[in-house]
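One structure is given below, encoded as structure tokens.
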Amino acid sequence: LQIEIDGEPKEGSPLIFTIPNYNPNWWYVLEYGNGTRMRIKRIHTFTYEESGEYTLKITAIHKKSAQHIDSVCQIEILSAV
């Protein structure tokens, strides 16, 4: 399970999160590491309001079997100043 992140990792700048192997038979939940958790589709935009290091967790849940897969990665958001 992978997630690609595009954009400038600065506070206040939108980032584009893409699931390259998206499958419509699965639900995807992304935890942004700042208390925000959202169910997402193939492409999702999110903006961090504060600089810092965040742990992202993406979970894929199969719609029929409830099987799930987790993946974790780190992202550093830089100060806009």
Side-chain angles (χ1 to χ4, degrees):
L1 182 59
Q2 291 181 292
I3 191 156
E4 295 174 356
I5 305 168
D6 293 311
E8 192 171 0
K10 287 171 74 171
E11 62 186 13
S13 295
L15 296 174
I16 300 169
F17 296 85
T18 305
I19 302 168
N21 297 330
Y22 178 83
N23 182 325
N25 294 317
W26 293 71
W27 285 310
Y28 297 88
V29 176
L30 185 56
E31 296 178 34
Y32 294 92
N34 65 350
T36 303
R37 178 183 167 141
M38 296 179 149
R39 195 167 117 195
I40 64 170
K41 300 279 186 181
R42 178 186 298 269
I43 298 172
H44 184 75
T45 302
F46 185 79
T47 302
Y48 285 92
E49 299 301 327
E50 296 182 22
S51 61
E53 192 147 323
Y54 296 91
T55 300
L56 298 173
K57 179 180 177 185
I58 185 166
T59 303
I61 305 160
H62 193 271
K63 291 179 180 179
K64 293 186 179 172
S65 71
Q67 173 189 5
H68 73 276
I69 302 167
D70 295 321
S71 183
V72 176
C73 67
Q74 296 288 124
I75 184 171
E76 183 177 0
I77 303 299
L78 305 173
S79 175
V81 178

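Keep in mind that the numbers below use all heavy atoms, side chains included, and drop hydrogens, waters and symmetry copies.
For the atom pair CD1 of Ile19 and CZ of Arg42, the computed distance is 8.5 Å after rounding to the nearest 0.5 Å. Atom-to-atom distance recorded for Leu78:CG and Glu8:CD is 8.0 Å, nearest 0.5 angstrom. The distance from the NZ atom of Lys57 to the SG atom of Cys73 is 12.5 Å, given to the nearest 0.5 Å. Between the CD atom of Glu31 and the CG atom of Asp70 there is a distance of 8.5 Å, given to the nearest 0.5 Å.
Note on Ile5: it clusters hydrophobically with Ile77, by side-chain heavy-atom contacts below 4.5 Å among ILVMFWY residues. Hydrophobic clustering (side-chain heavy atoms under 4.5 Å, transitive across Ile, Leu, Val, Met, Phe, Trp, Tyr) keeps Leu1 apart from Ile61. Residue Ile3 is grouped with residue Leu15 when hydrophobic side chains (ILVMFWY) are merged at heavy-atom distances under 4.5 angstrom, including chains of intermediate members. In the hydrophobic clustering of ILVMFWY residues, with side-chain heavy atoms under 4.5 Å counting as a link, Leu56 and Val29 come out apart.
Its side chain within the 4.5 Å cluster rule, Ile16 clusters with Ile43 among the Ile, Leu, Val, Met, Phe, Trp and Tyr residues.
Applying the ring pair (Phe, Tyr, Trp, His ring centres under 6.0 Å) test to His62 and every residue at least two apart in sequence or in another chain returns Trp26. For Tyr54, the ring pair (Phe, Tyr, Trp, His ring centres under 6.0 Å) criterion is met by Tyr48, not counting sequence neighbours.
One N or O on the side chain of Glu11 and one on the backbone of Ala80 form a donor-acceptor pair closer than 3.5 Å. Between the side chain of Thr45 and the backbone N or O of Pro14, no donor-acceptor pair lies under 3.5 Å.
Classification of the Phe17-Tyr32 ring pair by plane angle, with boundaries at 30° and 60°, yields perpendicular.
Considering all non-hydrogen atoms of both residues, Ser51 and Ser79 come closest at CB-N, 3.6 Å.
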Worked check of side-chain contact (heavy atoms from CB on, under 4.5 Å) between Met38 and Leu30: CA-CA 5 Å; Met38 296 179 149; Leu30 185 56; 5.7 Å; no
- prompt: Are Phe46 and Asn34 close enough, and set up right, to give a side-chain contact (heavy atoms from CB on, under 4.5 Å), and what steps lead you there?
  reply: CA-CA 12 Å; Phe46 185 79; Asn34 65 350; 3.7 Å; yes
task: List the steps, then state whether side-chain contact (heavy atoms from CB on, under 4.5 Å) holds for Asn25 with Lys64.
output: CA-CA 8 Å; Asn25 294 317; Lys64 293 186 179 172; over 6 Å; no
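Within a 6.0 Å sphere centred on CD of Gln2, other residues, nucleotides and ligands contribute 12 heavy atoms or fewer. Atom NZ of Lys41 sits in a sparse spot, with 12 or fewer heavy atoms from other residues, nucleotides or ligands closer than 6.0 Å. Heavy-atom contacts from other residues, nucleotides or ligands closer than 6.0 Å to CD of Glu53 number more than 12.
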